[in-house]
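Below, chains carry the letters A, B, ... as their sequence lines are ordered, and counting in each starts from 1. Nothing here was measured: the structure is a model prediction, and the numbers come from that model.
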Protein chains: 2
Amino acid sequence: MVVTPRNTRQRRAVAAILEDLEGFASAQEIHDLLRHRGESVGLSTVYRNLQALADAAEVDALRNDEGETLYRQCSTGHHHHLVCRACGRTVEVEGPTVERWADGVAAQHGYVDIAHTLEIFGTCGDCAR
Amino acid sequence: MVVTPRNTRQRRAVAAILEDLEGFASAQEIHDLLRHRGESVGLSTVYRNLQALADAAEVDALRNDEGETLYRQCSTGHHHHLVCRACGRTVEVEGPTVERWADGVAAQHGYVDIAHTLEIFGTCGDCAR
DNA sequence: GGTCGATTTGACAATGATTCCCATCCGCGT
DNA sequence: ACGCGGATGGGAATCATTGTCAAATCGACC
């Protein structure tokens with residue numbers, strides 16, 4: 001049966017931070033933000049809750065080029081991200097054509113159980129100035 | 001001025017391994033392969049040479065979902081990868097449609113200087129059995 | 001072939017993100 | 001209020017990768 005997570009102060013605090021954030025943030029950044037808010041939460045707990053949220057598909061996770069895992073609250077459903085490499089501003093985008101193309105080429109080569117990662121990076125209009 | 005790298009035994013050994021490999025391999029795997037070949041090379045040196053090759057665009061690098069950086073000798077030009085998550089077997093694929101789509105959506109949102117990452121993971125026919 | 005300087009190497013320490021461990025805590029059903 | 005099992009926290013442990021620096025060694029020049 002499905003386990004129902006408990007409604008702890010820490011879990012609420014992590015979720016609240018994610019509500020307020022616009023772009024992606026690392027676990028450590030979220031940990032710092034919590035501390036500055038006075039809602040101190042153990043680092044391990046931040047990691048655990050973020051992973052739990054990611055597993056539950058309530059937040060999206062991606063790795064930046066430094067190897068950190070970044071988290072962000074996103075709309076439901078499969079989508080990709082257009083991220084400003086300067087300010088982090090993120091636009092969620094969908095590409096049904098891309099999905100089909102990826103599944104198609106993989107199947108053509110005999111691959112099964114297909115997944116893909118796609119992120120678009122650029123400099124947003126404001127930062128370009 | 002541009003520095004010319006020196007032609008050391010270690011650099012040659014790393015390049016030779018990459019010649020022989022079909023799929024992506026981590027720095028540590030390459031280090032082990034070198035050892036088994038009798039061409040022992042220090043782990044630091046393997047990392048350094050792989051990075052140098054990646055910087056020179058002579059090999060492609062990507063991160064798997066465990067956070068390891070994988071390296072592979074690839075054809076030149078822009079392409080993406082279809083990687084078996086079990087054995088690492090890799091097919092290089094091109095998707096002009098995807099490129100155009102990515103550039104298009106980014107431009108629509110006012111982003112400039114656009115780049116993207118796209119990798120497809122699956123289990124190849126042999127490993128699926 | 002020998003010399004020399006700058007690059008490269010390699011063993012080990014250090015880093016940094018993330019996970020493990022485990023005694024303690026506390027949400028929640030009874 | 002009680003008690004149990006999941007949740008917490010914080011310090012240790014892990015793991016890939018990078019830094020350090022003395023020693024080795026390319027390769028240009030004699």
May I have the distance from [X] (atom [atom1]) to [N] (atom [atom2]), rounded to whole angstrom?
X       : N      : atom1 : atom2 : value
A:Asp65 : C:dA17 : CG    : C1'   : 15 Å
B:His31 : D:dC15 : NE2   : P     : 17 Å
A:Leu53 : D:dA7  : CG    : C1'   : 14 Å
A:Arg11 : D:dG6  : CZ    : P     : 13 Å
A:Glu68 : D:dA16 : CD    : P     : 18 Å
A:Ile30 : C:dT18 : CD1   : C1'   : 14 Å
A:Leu34 : D:dT8  : CG    : C1'   : 14 Å
B:Leu62 : D:dT17 : CG    : P     : 12 Å

With sequence neighbours left out, what residues match A:Arg100 under side-chain hydrogen bond (donor to acceptor under 3.5 Å, both in side chains)? none

Within the structure, does a side-chain N or O atom of [X] lie under 4.0 Å from either OP1 or OP2 of [N]?
X       : N      : result
B:Arg9  : C:dG10 : yes
A:Asn49 : D:dT8  : yes
B:Tyr47 : D:dT17 : yes
B:Thr8  : D:dC26 : no
A:Gln10 : D:dG9  : yes
A:Gln51 : C:dT19 : yes

Will you find, in the side chains of A:His116 and A:Asp103, an N or O donor that is under 3.5 Å from an N or O acceptor? no

We want to know whether B:Glu99 and B:His78 form a side-chain donor-acceptor pair, criterion being a heavy-atom distance below 3.5 angstrom. yes

May I ask you to say whether B:Asp32 pairs ionically with B:Arg37, meaning some side-chain N is under 4.0 Å from a carboxylate O? no

Does B:Arg85 come within less than 4.0 Å of B:Asp65, counting only side-chain N to carboxylate O? no

Would B:Val59 end up clustered with B:Ile17 when hydrophobic side chains under 4.5 Å apart are linked, directly or stepwise? yes

Identify each atom pair where a protein N or O and an N or O of nucleotides 21-25 of chain C are less than 3.5 Å apart, giving names and distance.
none

Could you walk me through whether A:Asp20 and A:Leu33 satisfy the side chain to side chain contact (heavy atoms under 4.5 Å, CB included) test, starting with their C-alpha distance in whole Å, then the side-chain angles of each, then the deciding distance to 0.1 Å, before giving a yes or no? CA-CA 11 Å; A:Asp20 296 348; A:Leu33 289 171; over 6 Å; no

Taking any heavy-atom pair under 4.0 Å as a contact, classify B:Ser26: base, sugar-phosphate, or nothing. nothing

Under 4.0 angstrom, heavy atoms only, what part of the nucleic acid is B:Gln28 near: base, sugar-phosphate, or nothing? base

